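Chain letters run A, B, ... following the sequence lines, proteins first, then strands; residues in each count from 1. The shown structure was predicted, so the numbers you read here are calculated from the model rather than taken from an experiment.
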Number of protein chains: 2
Amino acid sequence: MISKNQDIPTPEVCTANIAAVRDALYVLNGKWKLPLIVTLLNGAKRFKEIQRSLNEITPKVLSKELKELELNGFLERKVFNTFPVSITYELTPYSESLDEVIESLRSWGEQHRKHLVKGRRLESVLQDH
Amino acid sequence: MISKNQDIPTPEVCTANIAAVRDALYVLNGKWKLPLIVTLLNGAKRFKEIQRSLNEITPKVLSKELKELELNGFLERKVFNTFPVSITYELTPYSESLDEVIESLRSWGEQHRKHLVKGRRLESVLQDH
DNA sequence: CAGTATCCCTCCGGATACTG
DNA sequence: CAGTATCCGGAGGGATACTG
């Protein structure tokens, strides 16, 4: 999509491309999506387990985030007919399709932070973590 | 970073990785960053020109977005001592470092939308554009 | 033209309490 | 345990008006 002064796509294509990028950003957006995915990397977890591993995310927010990730096909909610019922969440194979995107974001983000540090304007630009 | 059941990084590394991803997301976030970058791809533009090309973004918001992009080193603000003064904004060489990230977001976003359409749950997951 | 100043509204996410 | 219900504050962004 990006290409300075050469083979600029038509406006329609360009809009579609922006939309695609926004879709991707949208899906990973918010405070908890990444931590949530990461915490499920080493296997299925239950609601309360996830909550504990994520430095006390509130149940309302956790519930919402899990639903979104499930709708996106990144994780599966499994119900076990024990008593009381137990429920687990685990990453789907499809979630692996995120690997490349996340890795490219990660490496660019890392590089960019260094770039800003060199220019000494880190604070004015990026958030604290 | 993502790697199911194998070579899980230490918690510290993992946190740093998440931070890097968040940095990258942060920089591209918001309604106007991408359209703004795209509109500057075919050359320097003045404030009012940008405003017109971006379906009437308000001046306050445009001003803020331009400042952020400038602080990130993606564009340069040039002042010309004409009368009245004219000012242009143009992408820097550093902005090209975004190409890969954006392309990977674009292609994943495109693929993901198709994936959702197949599963018929597009509406519940992605935004309209 | 190139912005700044004010006001306003919505939505995200947090706090807290409660239910099957 | 696995969530839902309610209330709430702050940030992002829009509308409108004004300035050098």
Roughly, in whole Å, what's the span from [atom1] in [X] to [atom2] in [N]?
X	N	atom1	atom2	answer
A:Lys64	C:dC12	NZ	P	6 Å
B:Arg52	C:dC1	CZ	C1'	10 Å
B:Asn55	D:dG14	CG	P	11 Å
A:Glu65	D:dT4	CD	P	13 Å
A:Ile57	D:dG3	CD1	P	13 Å
B:Leu66	D:dG13	CG	P	14 Å
A:Glu49	D:dA2	CD	P	8 Å
A:Lys45	D:dC1	NZ	P	15 Å

Is there a side-chain contact between [X] and the phosphate of [N], meaning an N or O under 4.0 Å from OP1 or OP2?
X	N	answer
A:Ser63	D:dT4	yes
A:Arg77	D:dG3	yes
B:Tyr26	D:dG12	no

Review point. In this structure, are over 12 heavy atoms from other groups packed under 6.0 Å from A:Glu100 atom CD?
Key: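 Counting other residues, nucleotides and ligands, CD of A:Glu100 stays at 12 neighbours or fewer.
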Review point. Is A:Glu103 salt-bridged to A:Arg106, cutoff N-O under 4.0 Å?
Key: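 Salt bridge between A:Glu103 and A:Arg106, a charged N being under 4.0 Å from a carboxylate O: yes.
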Review point. Given that A:Gln51 and B:Glu56 both sit by DNA chain D, which one's nearest nucleotide is further toward the 5' end?
Key: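 With A:Gln51 and B:Glu56 compared, the 5'-side residue is A:Gln51.
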What nucleotide among [options] has an atom nearest to a side-chain atom of [X]?
X	options	value
A:Trp32	C:dG13, D:dA2, C:dT4	C:dG13
A:Arg46	D:dC1, C:dG3, C:dG13	D:dC1
A:Ile87	D:dG14, C:dG13, D:dA2	D:dA2
A:Lys60	D:dT6, D:dG13, C:dT16	D:dT6
A:Lys31	C:dG13, D:dA2, D:dG13	C:dG13
A:Thr58	C:dG14, D:dA2, D:dG14	C:dG14

Check your understanding: So what does A:Pro84 touch, heavy atoms closer than 4.0 Å: a base, only the sugar-phosphate, or nothing?
Key ->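 Contact class for A:Pro84: none.
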Check your understanding: Which part of the nucleic acid, if any, lies within contact of A:Tyr89, taking any heavy atom under 4.0 Å across all strands shown: a base, the sugar-phosphate backbone alone, or nothing?
Key ->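 Result for A:Tyr89 = sugar-phosphate.
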Practice item. Return the orientation label for the A:Trp108 and B:Phe74 ring planes: parallel under 30°, perpendicular over 60°, tilted otherwise. Key: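 Taking B:Phe74 first and then A:Trp108, their aromatic rings sit tilted (interplane angle of 30° to 60°).
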Review point. Do the rings of B:His115 and A:Tyr94 sit parallel, tilted or perpendicular, given the 30° and 60° boundaries?
Key: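 Geometry flag for A:Tyr94 against B:His115: parallel rings.
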Review point. Are A:Tyr26 and B:His112 close enough that their ring centers fall under 6.0 Å?
Key: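 So the answer is no for these two rings.
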Exercise for review: May I ask you to test the A:Thr39-A:Lys45 pair for a side-chain heavy-atom distance under 4.5 Å?
Suggested key: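 They are in side-chain contact.
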Review point. So what stems show up for DNA chain C if we need 3 or more Watson-Crick or G-U pairs in a row, all under 3.5 Å?
Key: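 So far as stems of 3 or more pairs are concerned, DNA chain C shows C:1-20 with D:1-20.
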Identify all side-chain donor-acceptor contacts of residues 62-70 of chain A below 3.5 Å with residues at least two apart in sequence or on another chain.
residue: A:Glu65; atom: OE1; partner: A:Lys33; partner atom: NZ; Å: 3.3
residue: A:Glu68; atom: OE1; partner: A:Lys33; partner atom: NZ; Å: 2.8

Point to revise | Donor-acceptor contact below 3.5 Å, side chain A:Glu110 vs main chain A:Ser107 | key: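 It does not hold such a pair.
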